[in-house]
Amino acid sequence: MSNGKHASVRRRHEQILEQLQVGGFVAVGDLAERFSVTPQTMRRDINTLAGQGLVQRFHGGVGPALSTENVAYTDRQILCREEKRRIARDMARCIPPKSSLFINIGTTTEEVARALRGHERLRVITNNLNVATILTGHANIELIVAGGVVRHRDGGIVGEAAADFIRQFKVDFGIIGISGIDADGTLLDYDYREVRAARAIIDNSRKVFLATDYTKFGRNAMVRLGHLSEIDALFTDRNPPAVLEEVMRESEVALHVAGG
C-alpha cells in the first residue's frame, strides 16, 4: 500500500472512531455511504479496528469498544509499536540525567524504559516487571521495584501494597500510560487496582508525563484515574481531537507530538 493510500485509510479509521464517540452504534451501510467506499471496504476497516480492540462489531454495524476489558497484552505489544517507540524517544529527550522517576504499567511506558537506558544516573521506581527486566543490568540506573500482587497477563504489580510502596517516595517525574482519555479529559483505565498505583504516582511526582498513542483518544474504559489537568505534558503521535486540545490549553498541559 502506498504512503498516500495508507494515510487515507488511517484517516478514515480516525473518522470512524470519532463518529462512534458521537453517535454510538452505526450501520455499515451508513458508514460506507458517508466515506464513499463499498460495504466490503468498510467491513475490512471495522475488522481492523475490532482486531485492535478499538470497536465492537455487531450484526450489520459497529459500536464503541467495551469499557470493561482491555486488549490482550500480547496484542498491545504489537499495536502501534513504531508510534510508541517515537513517543518514547520524544519523552526520553525531556528527562535529564540524574533524575528520579516512576514508571508504571503499560506497553508504551515499557518503550520509554528502553529509550532511557542510555541516560546517566537515573533512579527508577516501577510497579512493572517488564520495565524492571528492561532496565536490569544497566549500572547507570538504580532500579527499585514495588511489592504487591503480580498480574500474570502483563507483569504489572497492582493492589494497595504497591500503592503504599509508591507513596514512600517523592520523585522528579512520574511516567504513566493510560487505556483511554474521554472527550472531557477524564483519564480512564480498566483495573481499579492498577489505578490505585497510578494515582499514587501522580500524587507523588513533581511533574507527570503521560505517554499515549492516538488510539486512546475517546476510548472507553470504566475506571476513573484522574483528569488531563493533573498532567504536565502529554506525549503522543498525533494531535488530539479539538475538544481535548481545548481542555489541554485551558489546563496549560504541554503537548508533544512525535514526528514520523
Side-chain angles (χ1 to χ4, degrees), residues 53 65-73 76-77 84 91 95 99-113 116 122-135 142-182 184-213 215-235 247 251 253:
L66 295 173
S67 64
T68 57
E69 185 175 349
N70 202 357
V71 181
Y73 175 73
R76 284 186 281 125
Q77 284 182 299
K84 292 173 182 176
M91 183 181 288
I95 297 175
S99 297
S100 59
L101 50 151
F102 294 121
I103 302 180
N104 85 332
I105 302 167
T107 53
T108 309
T109 55
E110 289 167 17
E111 290 298 337
V112 175
L116 288 171
L122 296 182
R123 289 187 172 183
V124 176
I125 303 156
T126 186
N127 62 324
N128 185 337
L129 289 183
N130 297 312
V131 166
T133 299
I134 290 165
L135 297 179
E142 180 180 317
L143 181 63
I144 304 170
V145 181
V149 177
V150 177
R151 277 195 321 213
H152 294 295
R153 69 176 182 267
D154 63 1
I157 302 171
V158 298
E160 199 57 43
D164 286 344
F165 185 86
I166 289 166
R167 293 188 191 104
Q168 297 179 78
F169 302 89
K170 187 75 173 183
V171 305
D172 299 319
F173 299 95
I175 297 173
I176 65 170
I178 200 67
S179 294
I181 306 176
D182 211 348
D184 64 358
T186 302
L187 306 177
L188 300 168
D189 225 307
Y190 291 93
D191 188 338
Y192 71 92
R193 299 172 302 169
E194 177 179 345
V195 162
R196 287 181 179 179
R199 184 69 247 176
I201 288 174
I202 292 173
D203 293 339
N204 292 281
S205 301
R206 295 181 181 90
K207 288 189 175 182
V208 181
F209 286 176
L210 174 61
T212 184
D213 65 80
T215 65
K216 308 300 171 47
F217 299 137
R219 188 181 180 202
N220 292 325
M222 65 176 290
V223 185
R224 187 183 189 277
L225 167 59
H227 191 268
L228 263 179
S229 59
E230 299 176 274
I231 303 301
D232 293 282
L234 170 66
F235 292 78
V247 171
S251 303
V253 179

Please report the C-alpha distance between Asn104 and Ile166 in whole Å, then the side-chain angles of each, then the deciding distance to 0.1 Å, and finally whether the side chain to side chain contact (heavy atoms under 4.5 Å, CB included) criterion is met. CA-CA 10 Å; Asn104 85 332; Ile166 289 166; over 6 Å; no
Nearest-0.5 Å distance, [atom1] of residue [X] to [atom2] of residue [Y]:
X	Y	atom1	atom2	result
Lys207	Ser99	NZ	OG	10.0 Å
Leu122	Leu116	CG	CG	6.0 Å
Arg193	Ile157	CZ	CD1	12.5 Å
Thr107	Lys84	OG1	NZ	3.0 Å
Glu110	Thr133	CD	OG1	9.0 Å
Arg151	Asn128	CZ	CG	9.0 Å

Just to verify, what does [X] make a side-chain contact (heavy atoms from CB on, under 4.5 Å) with, not counting sequence neighbours?
X	value
Arg167	Glu160, Ala163, Asp164, Ala200, Asn204
Ala233	Phe209, Phe235, Ala254, His256
Asp203	Arg199
Asp182	Asp184, Thr186, Leu188

Side chains of [X] and [Y], heavy atoms from C-beta outward: is any pair under 4.5 Å?
X	Y	result
Thr108	Thr212	no
Leu225	Ile202	yes
Ile125	Phe165	yes

Under the salt bridge (Lys or Arg N to Asp or Glu O under 4.0 Å) rule, collect the residues that match up with Lys216, sequence neighbours excluded. Asp213
Using the side chain to side chain contact (heavy atoms under 4.5 Å, CB included) rule, take Ile105 and Asp191 through it: C-alpha gap first, then chi angles, then the decisive distance, then the call. CA-CA 11 Å; Ile105 302 167; Asp191 188 338; over 6 Å; no
Ser251: what forms a side chain to side chain donor-acceptor pair (under 3.5 Å) with it, not counting sequence neighbours? none
Partner set under side chain to side chain donor-acceptor pair (under 3.5 Å) for Ser100, not counting sequence neighbours: Asp172
Taking all non-hydrogen atoms of both residues into account, name the closest pair between [X] and [Y] and its distance.
X	Y	result
Ala132	Leu143	O-CD2, 3.4 Å
Ile175	Met91	CG2-SD, 3.6 Å
Val247	Gly185	CG1-CA, 4.4 Å
Ala211	Val112	CB-CG2, 4.4 Å
Gly174	Ser205	CA-OG, 3.2 Å

Just by modelled atom types, is the [Y] backbone N or O under 3.5 Å from a matching donor or acceptor in the [X] side chain?
X	Y	result
Thr109	Gly177	no
Thr126	Ile103	yes
Glu230	His227	yes

Looking at residues at least two apart in the chain, or sitting in another chain, which of them share a ring-ring contact (aromatic ring centres under 6.0 Å, His included) with Phe102? none
Evaluation steps, side chain to side chain contact (heavy atoms under 4.5 Å, CB included), between Ile231 and Leu187: CA-CA 10 Å; Ile231 303 301; Leu187 306 177; 4.0 Å; yes
